[in-house]
Number of protein chains: 2
Amino acid sequence: MTQPFSFRCDATDGRARTGAISTPRGEIRTPAFMPVGTAATVKAMLPESVRATGADILLGNTYHLMLRPTAERIDRLGGLHRFMNWDGPILTDSGGFQVMSLGALRKLDEDGVTFKSHIDGSKHRLTPEHSMEIQRLLGSDIVMCFDECPSLPADRDRIATSMELSMRWAARSRAAFGDRPGHALFGIQQGGLDRDLRAQSADALRDIGFDGYAVGGLAVGEGQDAMFDVLDYAPDQLPKDKPRYLMGVGKPDDIVGAVARGIDMMDCVLPSRSGRTGQGWTRRGQVNLRNARHADDPRPLDEACTCPTCQGYSRAYLHHVIRSQEIIGSMLLTWHNLHYFQELMAGMRDAIAGATFTAWQAGFHAMRADGDIERI
Amino acid sequence: MTQPFSFRCDATDGRARTGAISTPRGEIRTPAFMPVGTAATVKAMLPESVRATGADILLGNTYHLMLRPTAERIDRLGGLHRFMNWDGPILTDSGGFQVMSLGALRKLDEDGVTFKSHIDGSKHRLTPEHSMEIQRLLGSDIVMCFDECPSLPADRDRIATSMELSMRWAARSRAAFGDRPGHALFGIQQGGLDRDLRAQSADALRDIGFDGYAVGGLAVGEGQDAMFDVLDYAPDQLPKDKPRYLMGVGKPDDIVGAVARGIDMMDCVLPSRSGRTGQGWTRRGQVNLRNARHADDPRPLDEACTCPTCQGYSRAYLHHVIRSQEIIGSMLLTWHNLHYFQELMAGMRDAIAGATFTAWQAGFHAMRADGDIERI
């Protein structure tokens with residue numbers, strides 16, 4: 001029998017909480033950070049290496065996969081898990097966010113969005129029903145509603161109109177998703193930076209009923225202060241007994257602040273993308289390995305880090321391979337960054353479970369404040 | 001006490017032979033294929049993955065490393081092994097071949113070569129003495145003489161003049177290398193496609209005395225027939241009790257033909273370079289994974305292959321990630337190709353040890369003849 005999808009909260013500390021999401025493909029320890037595997041690969045990583053960093057779940061992008069290699073092809077090949085050789089849970093976004101980001105290349109109407117592929121200019125259409133079908137073909141474990149996400153700043157009317165459309169699409173997504181034991185459908189709260197609109201959106205989603213709820217429409221240029229202002233109330237507007245997912249976040253201090261405000265799940269391309277441009281994330285802050293000051297430095301990127309990169313390679317080596325544009329530079333830095341992000345999550349889970357999260361946060365910030373980025 | 005460098009031949013079958021080179025950093029089973037780690041990395045591979053393919057030794061390029069990050073820097077950082085996290089033996093070339101390939105950017109005289117860096121145009125000079133010093137700073141286990149290698153075709157006078165210069169440089173290399181227990185210096189036979197010049201070169205090298213001997217000046221455009229013609233006599237002109245190394249070879253059928261003619265060591269960028277361009281090497285021949293016919297193919301690249309790529313991924317996936325220019329495409333195909341090349345060497349070692357090398361070769365060629373490249 002297929003196990004159901006469920007969420008349990010094991011402990012809270014302030015507004016922060018820790019627990020686990022159970023899926024037929026394994027447990028997701030929360031708060032969880034999901035590495036992004038846009039085109040059926042977490043760039044520069046083998047899936048077993050992603051697993052070794054401590055990741056329980058990956059994110060896949062509907063927009064990219066529907067265009068290449070297409071959802072139908074992935075379905076014929078046995079689904080996304082088999083295709084990309086990852087047997088853990090996968091969350092897929094709805095395609096909405098990426099399509100909306102296409103700007104002039106897309107056209108919105110009540111029913112859905114017509115857009116042109118960034119790859120070959122071919123014309124495509126996404127509706128709530130089509131997005132559900134694509135995510136079903138991919139075999140996604142956690143499916144996201146199709147929504148519209150306006151960029152900020154935007155006036156209240158624009159935000160309200162957009163949020164209301166997203167709520168109608170959420171109802172259509174729910175209807176199209178149907179009943180799929182072991183698979184989850186998450187709703188997405190919208191409403192910009194407006195508390196009332198956020199509350200209306202939360203109520204609408206709760207009425208429809210979902211297996212989890214995302215705080216959407218943030219991390220789109222509003223800045224950390226504005227994002228935290230929304231997170232001061234938005235998670236509490238959503239059902240307590242379901243996981244809360246903050247989409248597209250973020251930097252380590254964004255993540256810590258979000259967890260402190262009751263977020264259970266996050267995803268971001270940051271650790272992998274910045275790994276490919278020579279940026280290393282550490283307890284003490286961000287280190288640019290391209291900088292000439294690393295050329296003769298025999299120390300690892302972070303002496304306290306247990307990842308294979310820090311165990312086997314000097315900053316001098318990382319500097320050399322990044323400057324030489326060697327693929328191993330992307331491989332090693334992505335591995336380190338993903339390891340660091342997962343270690344951050346594990347540290348927070350332990351601290352929340354032990355009711356020491358306030359002290360943990362103070363330590364996190366003190367370590368960074370101490371880290372003059374040019375000296376670490 | 002540092003173990004000496006030594007070579008033993010365990011078995012012969014026809015002119016083919018199998019055995020091992022002992023070095024303080026481990027044994028090199030022969031015939032051996034050496035993956036190329038040009039800039040202190042076998043491109044798109046972690047060193048532990050290179051080891052997992054069955055490689056006992058890597059090749060590093062003096063030319064590339066002297067320019068970036070420089071031999072002096074690698075020395076300060078503890079040597080090339082520590083720098084690139086590879087604890088097995090490393091053979092370094094002398095820089096000669098790559099410098100000669102610079103064409104108009106280099107100027108040759110009796111003492112050495114002056115050239116301009118392909119990276120930034122800066123001026124450098126290599127002499128036999130300087131090449132020995134660089135390879136010492138790198139910490140190379142097997143050091144190659146500094147030689148000149150003319151491109152073919154060339155007239156006999158040009159080949160003879162060049163060979164004689166290389167022999168004078170071989171003597172200077174030997175003198176500059178000195179006595180370094182546990183480290184080996186290999187001489188390089190020249191003489192183009194001329195049997196007499198090859199014999200003169202072999203005699204000159206034998207008089208100087210080396211720990212191993214390379215057949216140089218081949219695989220420079222002369223074609224397989226001409227190369228095999230030289231290999232029909234050249235290895236036998238060299239001392240029997242020392243390893244014989246064919247530089248820069250080659251495709252699987254080049255390698256098999258060379259082993260059949262008494263070669264013990266080879267190196268080539270082919271498996272790694274072609275992995276980065278979507279080419280897979282298999283028992284049956286070469287497969288271009290970019291080809292659209294693979295887009296829906298659920299089979300692995302080679303159903304009989306035990307490498308992680310063939311165990312975990314379909315041709316459809318490889319096609320997708322190569323077309324999408326994802327780094328994992330280079331990682332997976334390079335791994336498979338290096339695995340295949342090492343498996344080829346292991347198969348030959350076993351066949352020679354079991355005195356079944358003739359039958360093994362027939363099987364190798366039959367499998368390939370059977371493999372219509374468009375159908376495998």
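Every chain is numbered from 1 and lettered A, B, ... according to where its sequence line falls, protein lines coming before strand lines.
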Report task. Give a yes or no on this: more than 12 heavy atoms of other residues, nucleotides or ligands lie within 6.0 Å of atom CZ of A:Arg51. Result ->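 Counting neighbours around CZ of A:Arg51, more than 12 heavy atoms of other residues, nucleotides or ligands fall under 6.0 Å, so yes.
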Query - Over 12 foreign heavy atoms within 6.0 Å of CZ, B:Arg106 - result: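 Enclosed.
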**Report entry** Side chain proximity check, A:Phe83 to B:Pro298, heavy atoms < 4.5 angstrom
**Finding:**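 Of all side-chain heavy-atom pairs linking B:Pro298 with A:Phe83, none is under 4.5 Å.
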Requested in this report: Could you check if a side-chain atom of B:Thr41 sits within less than 4.5 angstrom of a side-chain atom of A:Tyr317, using non-hydrogen atoms only?
Outcome: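 When only atoms from C-beta onward are counted, A:Tyr317 and B:Thr41 do touch, with a gap below 4.5 Å.
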Query raised in the report: Which heavy atom of A:Tyr313 sits nearest a heavy atom of B:Glu48, and at what distance?
Result: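 A:Tyr313 and B:Glu48 have their closest heavy atoms at OH-OE1, 4.1 Å.
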Contacting region of [X] [heavy-atom separation from chain A under 4.5 Å]:
X       : value
B:Leu77 : side chain
B:Arg68 : both
B:Met45 : backbone

Query raised in the report: Do A:His320 side-chain atoms and B:Ala40 backbone N/O form a donor-acceptor pair below 3.5 Å?
Result: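 No, A:His320 side chain to B:Ala40 backbone: no donor-acceptor pair under 3.5 Å.
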Report task. Pull out the residues in residues 324-335 of chain A that come under 4.5 Å of chain B, heavy atom to heavy atom, sorted by number. Result ->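 A:Ser324, A:Glu326, A:Ile327, A:Ile328, A:Ser330, A:Met331, A:Leu332, A:Trp335, listed by number.
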Tabulate below the donor-acceptor pairs under 3.5 Å that side-chain atoms of residues 93-100 of chain A make, not counting sequence neighbours, or state none.
unit_1, atom_1, unit_2, atom_2, d
A:Asp93, OD1, A:Thr62, N, 2.9
A:Asp93, OD2, A:Asn61, ND2, 2.5
A:Ser94, OG, A:Gly96, N, 3.0
A:Ser94, OG, A:Cys145, O, 3.3
A:Gln98, OE1, A:Asn61, ND2, 3.3

